[in-house]
Structures are given as C-alpha cells and as structure tokens.
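A quick write-up on the structure given underneath.
In what follows, chains carry the letters A, B, and so on, assigned in the order in which the sequence lines appear, proteins first and then strands, with residues in each chain numbered from 1.
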2 protein chains.
Amino acid sequence: MNKLINISEASSIAIHSLSLIAKLDQSINATQIANLTGFSKNHLSKILQLLVKHDYLKSSRGPKGGFVLIKDPKEISLLEIYELIEGAHSDNYCFDHSPVCPFQDCIYGDIIQDISMRFIDAFKKRTIADIKLKQNISYQSILEKLNR
Amino acid sequence: MNKLINISEASSIAIHSLSLIAKLDQSINATQIANLTGFSKNHLSKILQLLVKHDYLKSSRGPKGGFVLIKDPKEISLLEIYELIEGAHSDNYCFDHSPVCPFQDCIYGDIIQDISMRFIDAFKKRTIADIKLKQNISYQSILEKLNR
DNA sequence: ACAAAAAAAGTATTAGAGTACTTAATAGTA
DNA sequence: TACTATTAAGTACTCTAATACTTTTTTTGT
C-alpha cells in the first residue's frame, strides 16, 4: 500500500520513541522501546543514535544503560523531528524538467500548496508533549513490561 | 529535496502527457511529447505504454505513428491516473508493527486523515480536461514545434 | 580482571524508480 | 515486393534510499 504523505518508518520511530521516553523519568533501552512499540530493534537503534547526535537524547552504555530525554517535550515540534529525519522538504512539484512547460499554472491546481501548508502548520504546532498514552496504560504498567 | 506528498515522476508524466494529447486532434509521438514537456523520452515511453494497456491511449507504430486519446478527457480524473500509476493508497500511518500501541489515537493527530481527504477530493474532481495550456501557447505553436 | 549488557558504528540487503538497450511492427519508396 | 527508416513495445540493467544485520566499543557489577 502506497502512502499519500511521505512519512518514513524512520520518522515514525523517532516520534514514537521520543514520546515514550518523555513519559518516563528513568532511562529506557532500545530493546524495551522496541518491545513496547513493535518496531524492529535494529532500525530503532539507528534512529535513536541520530537523536542522540542531535542532542534530543542522552545515552549511556553498558548494563542499566539506555536513553533519557534532555529537552523539554513541549519545545519539540513534530515538524523539527520530521525534518531532522526526512530532510527539508519542498512543495515544488514541477520536476524541473521543462524550462518551457506548456501548461498554465500547476497542473495539480492549488491542492498541493494547500495541503502542504496545512501539514506544516499542524506539525509545527503539535509537540512531543501533546502525544498521550492510552488512558488504561499507566506509567506503572509500562514499568512492569520493562522488567519482563 | 524531499517531497511531502508522494507524486512520482511517473504519475506526473502520465497526467502531463494525457493533458497534452487531449489538446490535439492528431497523433503525437513520444519524442514530441518529451520535447514539449522536458521529461526523459525513455521514462515517458514506459508510462505511455501503461496508458495504452489501460485503454486511455491508442498507439500506432511506424513512421507517422504515435498516440491518440480514446477517452473523453472530461471523464478522466487525476485520481484515477494517480492510482493507476502509484497503486491504491492508504492513509493508515500506523506501520502495522504494534498490536498494542501504547498511544492514544494516532500520534499525528487528525492531520493525516484531513489532508488525505482533501487530496482525494480534489484529485477526484479535477479532470484532464481542466488542465489548460498557457494562453500564449496555441495549438498552432505546438504543431510548429512538433515539426522541428 | 572478567563477563555480560548495551550503545555505537559499520556493513549488507532489498525494493522501487528510472534508464538504456533490443525487438517487433509499420509505412513509405523504389 | 523488398528495403529502409521510424516508432512503439518489451526487456534488462543501474542506482539509490530505506531497512536489516553484524561487529566493535564501552560500561558496570561481581
């Protein structure tokens, strides 16, 4: 199944992981995050490395190691994470092929600009702190899972 | 530059080509379309083949060969071409990894559904006939270019 | 010091899009 | 009727980005 919007598994992992880590006041390791979210541990690890390198997370190695958040989740927008992973994006859908495109305006009409704008707006406003755990999933129940 | 919306060069070629062919009452070949639009002739040819196979175009080989439209352009929506090329799309951005995702609702909020709906609506309404040539580009001037 | 755990770094595989090349069909011409 | 040029159709290759896997390094508890 093709996706209309380009959101790679990589950015999905980044946003999920940050949200989860933000809810905890102790460190959590890659295996635990993978178990809780269902992403592959390998891929997840790679993304977490990136988030460490960009100063969203602090990592510690060895037994009892793991990751903690070192930024205020209210200050982390989905957009900045999305762009960190996917790179900056453009809403120019002319493929730069034709110096003399014979068509008036963009053949797609205004829709591309319209929805790009909406997406960016929404992802700029929404922060990691806005993402909530299910109500029946308590901090307690997560900790229990971690220790299995 | 990454694109927010998944529109491959392939669907762009399909929509551009159909629109151009729709404006002509004589056949036009792949080289000519490539010259007018700036797409690579190779890629373009491949896409035109697909459109022939799906009964949007009729092709003829040999000298004076080329392509003509065999459907009413008012009846061809951008959506059907888009989906023909890209495949059916899904707006499920849960990557199907976790049977027990710990998050409430979708972490992205409602934005994905919202803009998917807008996109589909717009692409369903807009047809090949709606795509206009630039005002200063006449049928005549296209024909001139064709014969260079 | 040693062994186990964990992150980090490096390597390999895969899938899809786009490209290049080859084959088959057609029309004009002599 | 055969020859040649032209054009679409078909096939095979390449390149890249995303994801998966493996090895190395660091750390901690005994």
Whole-Å gap separating [atom2] ([N]) and [atom1] ([X]):
X	N	atom1	atom2	result
Glu9(A)	dG16(C)	CD	P	14 Å
Ile47(A)	dA18(D)	CD1	P	10 Å
Asn6(A)	dA18(D)	CG	P	9 Å
Glu86(A)	dA17(D)	CD	P	13 Å
Lys41(A)	dA6(C)	NZ	C1'	7 Å
Leu44(A)	dA6(C)	CG	P	14 Å
His54(B)	dA9(D)	NE2	C1'	15 Å
Gln32(A)	dA7(C)	CD	C1'	13 Å

Mark yes or no for a side-chain to base donor-acceptor pair under 3.5 Å between [X] and [N], with no hydrogen or angle criteria applied.
X	N	answer
Lys46(A)	dT11(C)	yes
Gln49(A)	dA9(C)	yes
Arg61(A)	dT25(D)	yes

How far does OG of Ser17(B) sit from CZ of Phe67(B), to the nearest 0.5 angstrom?
->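 Answer for the OG-CZ pair, Ser17(B) versus Phe67(B), is 9.0 Å.
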Interatomic distance, Lys41(A) atom NZ to Gln32(A) atom CD [nearest 0.5 angstrom] | 11.0 Å
With heavy atoms under 4.0 Å as the rule, sort Asn29(A) into base, sugar-phosphate or nothing.
-> sugar-phosphate
For Thr31(A), which contact category applies under a 4.0 Å heavy-atom criterion: base, sugar-phosphate, or nothing?
->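 If one applies the 4.0 Å heavy-atom cut-off, Thr31(A) turns out to touch nothing in the nucleic acid.
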Are any of Ser45(B)'s side-chain N or O atoms less than 4.0 Å away from OP1 or OP2 of dA8(D)?
->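 Result: no.
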When you check the phosphate oxygens OP1 and OP2 of dA9(D), does a side-chain N or O of Ser59(B) lie under 4.0 Å from one of them?
-> yes
Considering only side-chain heavy atoms of Phe67(B), which listed nucleotide, dA8(D), dT19(D), dT19(C), is closest?
->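 The listed nucleotide nearest to Phe67(B)'s side chain is dA8(D).
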Are Tyr108(B) and Phe119(A) an aromatic pair by the rule of ring centers under 6.0 Å?
-> no
Assign each of Gly65(A) and Lys53(A) the nucleotide of DNA chain C bearing its closest heavy atom; nearer the 5' end lies the nucleotide of Gly65(A)
On DNA chain C, nearest-nucleotide positions of Lys64(B) versus Ala30(A): which is more 5'?
->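 This one resolves to Ala30(A).
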If you pin His43(A) and Pro63(A) to their nearest nucleotides in DNA chain D, which one's is more 5'?
-> His43(A)
Report yes or no: do Glu75(A) and Thr127(A) form a side-chain donor-acceptor pair below 3.5 Å?
-> no
Taking all heavy atoms of Leu69(A) and all of Ile21(A), pick out the closest pair and write down the distance.
->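 Minimum heavy-atom contact is N-CG2, 3.6 Å.
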